[in-house]
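By convention in this document, chain letters (A, B, ...) are assigned in the order of the sequence lines, proteins followed by strands, and residues within each chain are numbered from 1. Predicted model only: the values in this text are computed from it and were never measured.
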2 protein chains.
Amino acid sequence: MKLSTRTRYGIRAVLELAENHGNRPLQLKIIAQRQDISVKYLEQLMAILKSAGLVRSIRGSKGGYILAKAPGQIRLNEVFNCLEGPLTTVECLEDEDYCARTADCVTKQLWAQVQYAIINILQSITLQDLVNRTKNSRKPDYQI
Amino acid sequence: MKLSTRTRYGIRAVLELAENHGNRPLQLKIIAQRQDISVKYLEQLMAILKSAGLVRSIRGSKGGYILAKAPGQIRLNEVFNCLEGPLTTVECLEDEDYCARTADCVTKQLWAQVQYAIINILQSITLQDLVNRTKNSRKPDYQI
DNA sequence: ATTATTCCTATTACATTAGTAGTATATTAC
DNA sequence: GTAATATACTACTAATGTAATAGGAATAAT
């Protein structure tokens, strides 16, 4: 139950874009430097985010990436879903016919509960929220 | 972010033991039949659970497995931890030196929040709770 | 002894992840 | 219109982890 680097890197990259919001496009080269990720790998992650409609690319010289929406309009579960894949802790939550026990399966209900809790957190946080947290990181505005 | 079969099978197996609590040891053969898991694979899972002190084994004829504690005394996070590995969504939550950003890393705080939510749910549920849920599965005693 | 069961170790097939590499294409600057 | 700068696309590879399968050893009951 570890996060893939895809997701971790991806969120960090998108966070860079959020901090850059309103300015000129940000190049992968810059993100790669700041976040210590290879440009080539970042390209692939951005391709995923782009096809999901979360970021926009500007090609050519002075090009780069920008967010497709304002940071306050992008919820973390959107980013998470397209990088980590749809958060399906167990198959049977998606596919009713996956197993015969499905009707009264108590473990299924359990995993649904866990999954819901995760989605709930990610849905409640926007990129803007994360940017704000960064700004006053000495004095966090939330409570774990 | 999928659960391993290790964890899914393991929880189902342990749940069988919970339902059998108070009776004679339950054989893997039986669990395997009921849960449609190979005996050989179950053996490995039980070895993990055994070394974690969650179950006890009785060897030889009429042997089998029993829970090491009453079902009400075993919380799901105990089972989960030893099967899925310690729930570490990201390395830096365990290892402070893992990355230089650790001090004011906002994504780290995010993953900590997610991790805590999961652990919190698993900690609040015992095997006995699951057994009870099974009994009145037509009319669940909880709300997702 | 025979049978039933767990115990231990090795092996295998497969999928995924994380990353590298090379070339093509678009845009800007001069 | 050429050079420089970026993204776009596709293929490949190495390492890792997962989900088993297999064979035989040890132990206990009858």
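Where A:Tyr9 and B:Lys29 meet DNA chain C, the nucleotide closest to each residue was compared, and B:Lys29 sits on the side nearer the 5' end.
Contact check, B:Ser61 against D:dT30: no side-chain N or O comes under 4.0 Å of OP1 or OP2. A close approach under 4.0 Å does not occur between any side-chain nitrogen or oxygen of B:Tyr41 and OP1 or OP2 of D:dT18. A sub-4.0 Å separation between OP1 or OP2 of C:dT16 and a side-chain N or O of B:Lys2 is absent. In this model, the phosphate group of D:dT21 is approached by a side-chain N or O of B:Ser38 to a distance below 4.0 Å at OP1 or OP2. Phosphate proximity of C:dC7 to B:Lys50: present, with a side-chain N or O under 4.0 Å from OP1 or OP2. Residue B:Ser4 places no side-chain N or O under 4.0 Å from the OP1 or OP2 atom of D:dT18. Put simply, B:Ser57 has no side-chain N or O that comes within less than 4.0 Å of OP1 or OP2 on C:dT5.
Using a 3.5 Å distance cut-off with no hydrogens or angles, the side chains of A:Arg12 and A:Gln35 do pair a donor with an acceptor.
Considering NZ of B:Lys2 and OG1 of B:Thr7, their distance stands at 14.0 Å, rounded to 0.5 Å.
Heavy-atom minimum distance, B:Leu17 versus B:Tyr65: CD2-O, 3.4 Å.
A donor-acceptor contact shorter than 3.5 Å is absent between the side chain of A:Asn81 and the backbone of A:Glu78. Checked by atom type and distance alone, the side chain of A:Gln128 never pairs as donor or acceptor with a backbone atom of A:Gln73 at under 3.5 Å.
Interface remark: the B:Arg59 side chain does not form any donor-acceptor pair with the C:dT5 base, using a distance-only criterion of under 3.5 Å. Counting distance only, with no hydrogens placed and no angle test, the side-chain atoms of A:Gln44 and the base atoms of C:dT20 include a donor-acceptor pair under 3.5 Å. Side-chain N/O atoms of B:Lys40 and base N/O atoms of D:dG23 include a donor-acceptor pair closer than 3.5 Å.
A:Leu42 places its CG atom 16 Å from the P atom of D:dC9, with the value rounded to the nearest Å. Regarding B:Ile58, its CD1 atom lies at a distance of 16 Å from the P atom of D:dT27, rounded to whole Å. Atom P of nucleotide D:dA6 and atom CD1 of A:Ile30 are separated by 8 Å, given to the nearest angstrom. In this structure, CG of A:Asp36 is placed 10 Å from P of C:dG19, rounded to the nearest angstrom. Residue B:Leu28 contributes atom CG, which lies 13 Å from atom P of C:dC8 at whole-angstrom precision. Rounded to whole angstrom, the span from the CD atom of B:Gln27 across to the P atom of C:dT3 amounts to 17 Å. If you measure from atom CD of A:Glu43 to atom P of C:dT23, you get 15 Å, rounded to the nearest angstrom. Rounded to whole Å, the distance from CD on A:Gln35 to C1' on C:dA18 is 17 Å.
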